[in-house]
Number of protein chains: 2
Amino acid sequence: MMRRRSPTAEDVARLAGVSRTTVSLVLNGVSDARIPPETRQRVLEAAARLNYRPHAGARHLVRGRSEVIAFVMRQTPDQVFADAFLPEVLRGLSDALREANLHLLLFPLAPDRAPEETIRLLQERRVDGMVLSGPRFEDREWLERWGQETPVVLLGHLANSSLPSVDVDNGQAAAMATRHLVRLGHRRIGLITNAPLSYTASYERWLGYRQALEEAGLPYDETLVAFGAFTPASGAAAMEQLLKLPDPPTAVFVASDVVAFGALQVIRRHGLRVPQDLALVGFDDVPLSAYLDPPLTTVHLPAEDLGREAGRMLLQWIREGRPPTSTIRLATGLVIRQSCGAGGGA
Amino acid sequence: MMRRRSPTAEDVARLAGVSRTTVSLVLNGVSDARIPPETRQRVLEAAARLNYRPHAGARHLVRGRSEVIAFVMRQTPDQVFADAFLPEVLRGLSDALREANLHLLLFPLAPDRAPEETIRLLQERRVDGMVLSGPRFEDREWLERWGQETPVVLLGHLANSSLPSVDVDNGQAAAMATRHLVRLGHRRIGLITNAPLSYTASYERWLGYRQALEEAGLPYDETLVAFGAFTPASGAAAMEQLLKLPDPPTAVFVASDVVAFGALQVIRRHGLRVPQDLALVGFDDVPLSAYLDPPLTTVHLPAEDLGREAGRMLLQWIREGRPPTSTIRLATGLVIRQSCGAGGGA
DNA sequence: TCTTGATGCTAACACGTGTTAGCAAGCGAT
DNA sequence: ATCGCTTGCTAACACGTGTTAGCATCAAGA
């Protein structure tokens, strides 16, 4: 197990019978250094024979670029839904970064912890950029400051922030989901939010819901709105509240699949059938919501695309040296299954 | 946006009125260098004032340690179940690594891609170790070779490999699940595997199932075994096959929750009730299986612990300089809900 | 024959840190 | 006065790479 020293450019140079400089010029393909093909060949062969790999640390030192992007996860462990998409997001992101030879360094940062420690580590690593997934309100200040020195892209939305971000078009999506219920003939349509309205995404979905009602000439009835908070349990409580109403809704848009799971449980406990007695539309298209009974009609969240777009924006910033001012809002689609009552094949 | 040069140890030295060596000695807390408290204080203050952070690349170069661990994800995007646990695993892993100041560098490596490219990157980065999640049979050779030079821990199991690994005790778990059904009085207990038996985990669960039957004096009936392959669709097909039997089982152990989702759908389509007509036990305890109808009784997979243990083993190898020969098998627990017919509160 | 310019290479510096060997000053003991 | 020992520091090297300036050699042109 003695860990032997890896070959250096010096070793390659010796084997090829040239100087280390020449090795560097050849391997980096410097074009204005006129190296004749035969020398080039000798160097390449020597490098291959020794299985030479340039030392990333040394390269970082001299080039000033670490070729590393930090991925900071800010969501709580109980925000299950966010978790469900993490792998997809990571795939999209690393896909986008691959072409630029950038790598992802992971920094879990639980929301109940102060960011100082993580900031320190980010600085030590001299990361070339950062993607923050699930920014929180309290993060605004340090993020803005950080953004002065290093490219940052937010995955999700942060109010009053000038940083570029990638998110789903929550308003459009929620309106689309609600419109779908309107089109199916419902007049009393409830809303269970995915989180308190202090969360931007939650607020935007609420706005979309209201907009769709307004378009349809339906009144906004406050009693038909209940608040979830990430978990199925919260969805169950919210649904209980709605079912207790003297005149309960005939359809509910639940702005999170996971929250909808709890809601669905409660509906069943009350002996009601979905969609006959109560129609349901969710949000997120969690991988397993297709396998509920009944399969959940829901808004599809393009997780991999979100990651990929975040990667693209970051690359753009890095390449051009200044932040793209834009904020990207990805459109979503409605996945019509059976919980809304419009489903085929039930 | 001009990216200004970060302060170096030299800058700190100048500000504190000492040499760079002294700065290094103070900041690294070298104990046998007798630095008087007041000098120490001056250096610390200067470092704080300049917000000095040592350059990780330079450190890597001189120390020979990158302080980075590679996390290689080998699972396919459609192995949904693996995805579901990734975030938890990552949390456990990075928790364990934090104390040693190690960080996680992510390498998605789709199973249909050759590993050479990734190997090259791992070598360039000079990672201090690696965790491979979801090793595949074809990976054995390069992994063994890699393990000669760098610490590796497998998350999951690889046949005929001498590398340390962390996995769930599949046999024990499957036996426990099957025993539970036996105890509930079932005599004809079916099995739907999570994957073809060529997968180690699948094979071990099959063995555990057989063992439990044998303990109970029940015959092993080949016709009661159907094969799933990761997806709900495969579970649906397998369950169709079992229900077509002249004398179908009264209970089925499905060795994967996700596969069980498909199976459950088919059961419902046949107009059968769970657990009254057919009892079901799953495997994995996917976050959402608690919200099925009925909630799924299942074997809990301690994902975060798996990650943490993998981290611990890796640290041990790094510290002691030689691989721990052991393979860790984490015990699991049965989460009794309602699909098995023993559940409370239904 | 001398100049010019291209060709094919290399010496040497820079990047920011950890670490070893050792230097100067002070001080007590011989 | 000399020796030895401690205290408090620093000079200098090493780590592996990218890059700039420049050095020989040779051929062609004046």
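Just so it is clear: chains get the letters A, B, ... in the order the sequence lines come, proteins before strands, and each one is counted from 1.
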Could you tell me the separation between the [atom1] atom of [X] and the [atom2] atom of [N], rounded to a whole number of Å?
X	N	atom1	atom2	value
A/Asp11	D/dC15	CG	P	11 Å
A/Glu124	C/dG16	CD	P	15 Å
A/Arg14	D/dG16	CZ	P	12 Å
A/Leu25	D/dT17	CG	P	14 Å
A/Arg42	C/dG8	CZ	P	12 Å
A/Arg34	C/dC9	CZ	P	13 Å
A/Asn28	D/dT20	CG	C1'	15 Å
A/Arg65	C/dC15	CZ	P	16 Å

May I ask you to say whether A/Arg42 pairs ionically with A/Glu45, meaning some side-chain N is under 4.0 Å from a carboxylate O?
no
Carboxylate-amine/guanidinium proximity below 4.0 Å for B/Arg136 and B/Asp139
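Salt bridge between B/Arg136 and B/Asp139, a charged N being under 4.0 Å from a carboxylate O: no.
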Output yes when at least one side-chain N/O atom of [X] is less than 4.0 Å from OP1 or OP2 of [N], else no.
X	N	answer
B/Ser24	C/dT17	no
B/Thr22	D/dC9	no
A/Thr39	C/dC9	yes
B/Arg59	C/dG18	yes
B/Arg20	D/dT10	no

Between [options], which nucleotide gets closest to the side-chain atoms of [X]?
X	options	value
A/Leu61	D/dT10, C/dT17, C/dG16	C/dG16
B/Arg63	D/dT17, C/dG18, C/dG8	C/dG18
A/Thr8	C/dT17, D/dC9, D/dT17	D/dT17

Just wondering, are more than 12 heavy atoms of other shown residues or ligands nearer than 6.0 Å to CZ in B/Arg49?
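No, CZ of B/Arg49 has 12 or fewer neighbouring heavy atoms, counting only those of other groups under 6.0 Å.
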Within 6.0 Å of CZ in B/Arg329, more than 12 heavy atoms from elsewhere
yes
Quiz item: A/Ser19 side-chain donor-acceptor pair to C/dA11 base, under 3.5 Å:
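No.
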Select from B/Ile35 and B/Ala58 the residue whose nearest nucleotide in DNA chain D is closer to the 5' end of that strand.
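The 5'-side residue here is B/Ile35.
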Okay, side chain of A/Ser133, backbone of A/Leu155: is any donor-acceptor separation there less than 3.5 Å?
no
Regarding [X], tell me which of base, sugar-phosphate or nothing describes its non-hydrogen contacts under 4.0 Å with the strands shown.
X	result
B/Arg53	sugar-phosphate
A/Thr21	base
B/Val18	sugar-phosphate

Given B/Met313, which partner from the list B/Ile318, B/Leu154, B/Thr327, B/Val153 fulfils the side chain to side chain contact (heavy atoms under 4.5 Å, CB included) test?
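The passing option is B/Val153.
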